[in-house]
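This report refers to the structure that appears directly beneath it.
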There are 2 protein chains.
Amino acid sequence: MYVKIDFNSDEAIYIQLRNQIIYGIATSQIQEGDNLPSVRELAEYIGINMHTVNKAYTILKQEGYVKLDRRKGAVIAIDIDKIQAIEDMKEELRVILAKAICKNISCQDVFEVVGEIFNEFERG
Amino acid sequence: MYVKIDFNSDEAIYIQLRNQIIYGIATSQIQEGDNLPSVRELAEYIGINMHTVNKAYTILKQEGYVKLDRRKGAVIAIDIDKIQAIEDMKEELRVILAKAICKNISCQDVFEVVGEIFNEFERG
DNA sequence: TATCTGTTATATATATTGTATAACAACCGA
DNA sequence: TCGGTTGTTATACAATATATATAACAGATA
């Protein structure tokens, strides 16, 4: 899986890394049961500190994307609580859609964009 | 317009305030041409520092929601660059929808939630 | 035993966030 | 003109978040 970090971004490195891994899962580049590199290995590869990677992994664990094991390392293991996930998503969408309404973007416009992104991910 | 700040939130106060004002515009509680309270007045009302309010106003200006005037104060003035706004929205939606796909949420599920939120805002 | 995991603990440097005080220029009403 | 308002800017300070660096630990593995 390809990981790209923008060091000039205003977004924290561990957040970027978390997102990249989530992209990887969404596009099926990595899937249930797959191993992620060890924190030290990935840190070395990207050129960042071990703790930054560990922070990303710990968040991914809390959010239900991986399980951490001392022997195996980090393994993709999606905890699907769909009800909860939809609730979380709704909260995040509120701000985005409020902005959209201010900018004259219609519900149909949003549907189109959502559809496009789903297609992007499904193609990988 | 009602403004509610959660001081225990992990979200910065000036971000919360920005969002609340965007909600106010999206729900037509405040509209084009309306005046926002002065930075000092709103800071006093909420119980926060003047500069925190100023930061929220400055961001709202940069993002094209208000115009700031020395004499009139902050005035709602939406700069509608729909193409740009859709592009920005798409970028924000990518992470959210990647998470959704991981959690087995379908495109139809997202449409429903988006529809619900649009209804919420349209009712005010 | 040597080596690999995640985990935890310190320490340090920098950036962000929020507050505090102060002053400035432009405007407005009396 | 005077006093008060507006956003704006500057400086300083404390608290927190972010990222790095080094080190050590317990559990698993070969």
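By convention in this document, chain letters (A, B, ...) are assigned in the order of the sequence lines, proteins followed by strands, and residues within each chain are numbered from 1.
Recorded end-axis angle for the helix from C:dT1-D:dA30 to C:dA30-D:dT1 stands at 20°, based on five pairs per end and rounded to 10 degrees.
Atom CD of B:E116 has more than 12 neighbouring heavy atoms from other residues, nucleotides or ligands inside a 6.0 Å radius.
Residues B:K90 and A:E120 are paired through a salt bridge, judged by an N-O separation under 4.0 Å between the basic side chain and the carboxylate. With respect to B:R18 and B:E63, a salt bridge is recorded, a charged nitrogen being found less than 4.0 Å from a carboxylate O. For the pair B:D81 and A:K103, the salt-bridge criterion is not met [side-chain N within less than 4.0 Å of a carboxylate O].
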Given side chain to side chain contact (heavy atoms under 4.5 Å, CB included), test A:E92 with B:K99 step by step and report yes or no.
CA-CA 11 Å; A:E92 290 187 271; B:K99 287 200 244 180; 3.3 Å; yes
Start with the C-alpha distance between A:L17 and A:V3, add both sets of side-chain angles, then the distance that settles side chain to side chain contact (heavy atoms under 4.5 Å, CB included), and finish with yes or no.
CA-CA 7 Å; A:L17 182 53; A:V3 173; 3.8 Å; yes
Applying side chain to side chain contact (heavy atoms under 4.5 Å, CB included), run through A:T58 and A:L60 and close with a yes or a no.
CA-CA 5 Å; A:T58 303; A:L60 284 167; over 6 Å; no
Dump the intermediate steps for side chain to side chain contact (heavy atoms under 4.5 Å, CB included) on B:M50 and B:E44, then the final yes or no.
CA-CA 8 Å; B:M50 186 197 75; B:E44 172 80 15; over 6 Å; no
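The side chain of A:K72 places no N or O atom within less than 4.0 Å of a non-bridging phosphate oxygen (OP1 or OP2) of C:dT5.
Atom OH in A:Y14 sits roughly 12 Å away from atom C1' in C:dT16 (whole-Å rounding). Between A:L68 atom CG and C:dT5 atom P there is a gap of 13 Å when expressed in whole angstrom units.
Within residues 37-51 of chain B, the residues that place at least one heavy atom under 4.0 Å from DNA chain C are, in residue-number order, B:R40, B:I48, B:N49, B:M50, B:H51. Contacts between residues 5-13 of chain B and DNA chain D, defined by a heavy-atom separation below 4.0 Å, involve no residue at all. Of the residues in residues 56-67 of chain B, not one places a heavy atom less than 4.0 Å from an atom of DNA chain C.
Bounding nucleotides for the chain A contact on DNA chain D, 5' to 3', at a heavy-atom distance below 4.0 Å, are D:dT18 to D:dA28.
Residues A:L93 and B:F111 fall within the same hydrophobic cluster, defined by Ile, Leu, Val, Met, Phe, Trp and Tyr side chains chained together at heavy-atom separations under 4.5 Å. Cluster membership for B:I101 and A:V66, using ILVMFWY side-chain heavy atoms within less than 4.5 angstrom, is not shared. No chain of hydrophobic side-chain contacts below 4.5 Å, direct or via other Ile, Leu, Val, Met, Phe, Trp or Tyr residues, connects B:I25 to B:Y14. B:I5 and B:Y23 fall into different hydrophobic clusters, where Ile, Leu, Val, Met, Phe, Trp and Tyr are joined by side-chain heavy atoms under 4.5 Å apart, directly or via other members.
Contacts classified as ring pair (Phe, Tyr, Trp, His ring centres under 6.0 Å) and involving residues 91-110 of chain B (residues at least two apart or in different chains) are not found.
Residue order along DNA chain C, read from the 5' end via each residue's closest nucleotide, puts A:D69 first among B:D69 and A:D69.
Looking at A:Q108 and A:S106, their side chains never bring a donor and an acceptor atom within 3.5 Å of each other.
When heavy atoms are screened at a 4.0 angstrom cut-off, B:N54 is found touching base atoms of the nucleic acid.
We find the CE-NZ distance between A:M89 and A:K82 to be 9.5 Å, quoted to the nearest 0.5 Å.
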